[in-house]
Amino acid sequence: MCHQAGYNKQEYADIAPKLNEMGYNCLAIDQRSGGDFAGKPNETFQRAKEKSLPTAYIDAQQDIEAAIDFLNKKYNKKVILLGSSYSSSLVLFESLKNNTVSASIAFSPGDYFGDQKPSLSTVFLKADKPFFITSSKQEAETLNALVDKKQLKENQIQFIPESDGFHGSKALWSGQNGAEEYWTAIADFLKSIAKQ
């Protein structure tokens, strides 16, 4: 579980328990591109700053890779990545190249990296693993332009909310207007890929 800009692993404080109830183990990570959130520090960001390491969005890719390696060594199983905002784009890029990733869930992905990475449209064209992408209703048009729906394969879904929705995974937070429709769509996606 990968957080959005300026945040830390606390972004998933009330999301992870719900996924646990659905039968999924969860690991929320701090990435070096982040910050203090919910009264808690981002430890990875702090360590990177202390060592004068770069903390741009793109630099967080290695934190995601390290988390995947950790989980694979610990459980010897493939992982499902979940990302929020900039990290959701990193999650989709990682899913494309990493055989340890079985599927990805991306909240508000976009072209956040300038010329440091190609457009996400190239990822969607090449993707052969299940993915679930979503956003706020306002962001859906921009996201839709990156996804060629005619090219989507089985269990590759763009979910557009009926409500206004939210940017990033906060769409799943308790008490958010419209959170239930996102949760229903996520549960349906997870059930569909569990059958594979």
Side-chain angles (χ1 to χ4, degrees), residues 1-71 74-75 79-95 101 103-110 112-113 132-140 143 159 161 163-187 189-190:
M1 304 178 107
C2 309
H3 60 75
Q4 65 180 283
Y7 282 38
N8 59 38
K9 62 188 172 193
Q10 295 303 314
E11 180 173 346
Y12 295 100
D14 70 341
I15 296 172
K18 290 180 183 176
L19 288 168
N20 291 155
E21 288 173 14
M22 295 165 68
Y24 292 90
N25 291 325
C26 298
L27 174 68
I29 64 169
D30 282 349
Q31 295 137 217
R32 68 192 65 208
S33 187
D36 296 348
F37 175 69
K40 303 285 185 184
N42 180 317
E43 296 172 26
T44 305
F45 172 75
Q46 286 182 337
R47 281 196 301 271
K49 282 295 195 188
E50 287 166 9
K51 295 178 179 180
S52 299
L53 297 171
T55 58
Y57 293 163
I58 200 79
D59 300 310
Q61 184 87 43
Q62 60 198 301
D63 302 319
I64 296 169
E65 291 168 355
I68 294 167
D69 289 346
F70 170 81
L71 289 170
K74 186 171 179 72
Y75 297 106
V79 299
I80 299 170
L81 297 178
L82 192 159
S84 180
S85 191
Y86 88 90
S87 75
S88 69
S89 295
L90 292 177
V91 156
L92 290 165
F93 279 107
E94 190 64 29
S95 179
V101 177
S104 51
I105 299 170
F107 282 84
S108 302
Y112 298 112
F113 311 115
F132 177 96
I133 56 172
T134 191
S135 62
S136 68
K137 187 179 273 188
Q138 183 179 11
E139 295 168 313
L143 184 55
F159 173 73
S163 64
D164 289 341
F166 294 89
H167 178 80
S169 75
K170 68 175 103 176
L172 297 176
W173 289 355
S174 297
Q176 294 284 46
N177 183 36
E180 274 311 307
E181 66 175 320
Y182 285 97
W183 274 111
T184 299
I186 290 282
F189 172 71
L190 291 171

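The CD1 atom of I58 lies 10.0 Å from the OG atom of S33; values are rounded to the nearest 0.5 Å. Annotation: the span from Q10 atom CD to D30 atom CG amounts to 8.0 Å, rounded to 0.5 Å. K18 contributes atom NZ, which lies 12.0 Å from atom CH2 of W173 (distance to the nearest 0.5 angstrom). In this structure, the separation between CD on E50 and CZ on F45 is 10.5 Å, given to the nearest 0.5 Å. Atoms CG and CD1, from N25 and I80 in turn, are 11.0 Å apart once rounded to the nearest 0.5 Å. Taken from CG in L92 to OG in S104, the straight-line distance is 4.5 Å, to the nearest 0.5 Å.
Residues F132 and F189 bring their aromatic ring centres within 6.0 Å.
S108 contributes no side-chain N or O that, together with a main-chain N or O of S135, makes up a donor-acceptor pair within less than 3.5 Å. Looking at N42, its side chain does come within 3.5 Å of a backbone N or O of Q31 through a donor-acceptor pair. No donor-acceptor pair under 3.5 Å is formed between the side chain of S95 and the backbone N or O of V91.
Contact record, M22 with W183: SD-CZ3, 4.0 Å, taken as the closest heavy-atom pair. Across all non-hydrogen atoms, the minimal contact from G83 to Y12 is C-OH, 3.9 Å. Summarising the geometry of Y182 relative to G165, their closest heavy-atom pair is OH-CA, 3.2 Å, with the distance given to 0.1 Å. Heavy-atom minimum distance, Y86 versus H3: CE2-O, 3.8 Å. Taking both residues in full, the closest heavy atoms of G110 and S89 are given as O-OG, 2.6 Å, listed atom of the first, atom of the second, then distance.
Heavy atoms from other residues, nucleotides or ligands lying under 6.0 Å from CD of Q176 number more than 12. In this structure, K40 places its NZ atom where only 12 or fewer heavy-atom neighbours from other residues, nucleotides or ligands lie under 6.0 Å away. The environment of CG in N20 is crowded: more than 12 heavy-atom neighbours from other residues, nucleotides or ligands sit within 6.0 Å.
Among L19, I15, T134, I105, the one residue that satisfies the side chain to side chain contact (heavy atoms under 4.5 Å, CB included) test with L172 is I15. Just one residue in the list S87, S84, S85 forms a side chain to side chain donor-acceptor pair (under 3.5 Å) with E11, and that residue is S84. When D63, T55, D59 are each tested for a side chain to side chain donor-acceptor pair (under 3.5 Å) with R32, only one passes: D63.
Contact annotation: the side chain of N8 never approaches that of P41 to less than 4.5 Å [non-hydrogen atoms, C-beta and beyond]. Side-chain contact between F93 and F113 is present, with at least one heavy-atom pair separated by less than 4.5 Å.
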Exercise. Between Q4 and F37, is a side-chain contact (heavy atoms from CB on, under 4.5 Å) present by the stated rule, with each step listed?
Worked result: CA-CA 11 Å; Q4 65 180 283; F37 175 69; over 6 Å; no
Exercise. Under the side-chain contact (heavy atoms from CB on, under 4.5 Å) criterion, do C2 and I29 qualify, and how do the steps go?
Worked result: CA-CA 6 Å; C2 309; I29 64 169; 4.2 Å; yes
For this session: Could you give me the CA-CA distance, side-chain angles and deciding distance for E65 and E94, then say whether side-chain contact (heavy atoms from CB on, under 4.5 Å) is met?
Result: CA-CA 8 Å; E65 291 168 355; E94 190 64 29; 3.3 Å; yes
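Defined by atom type and a distance below 3.5 Å, a donor-acceptor pair is present between the side-chain atoms of D14 and S174.
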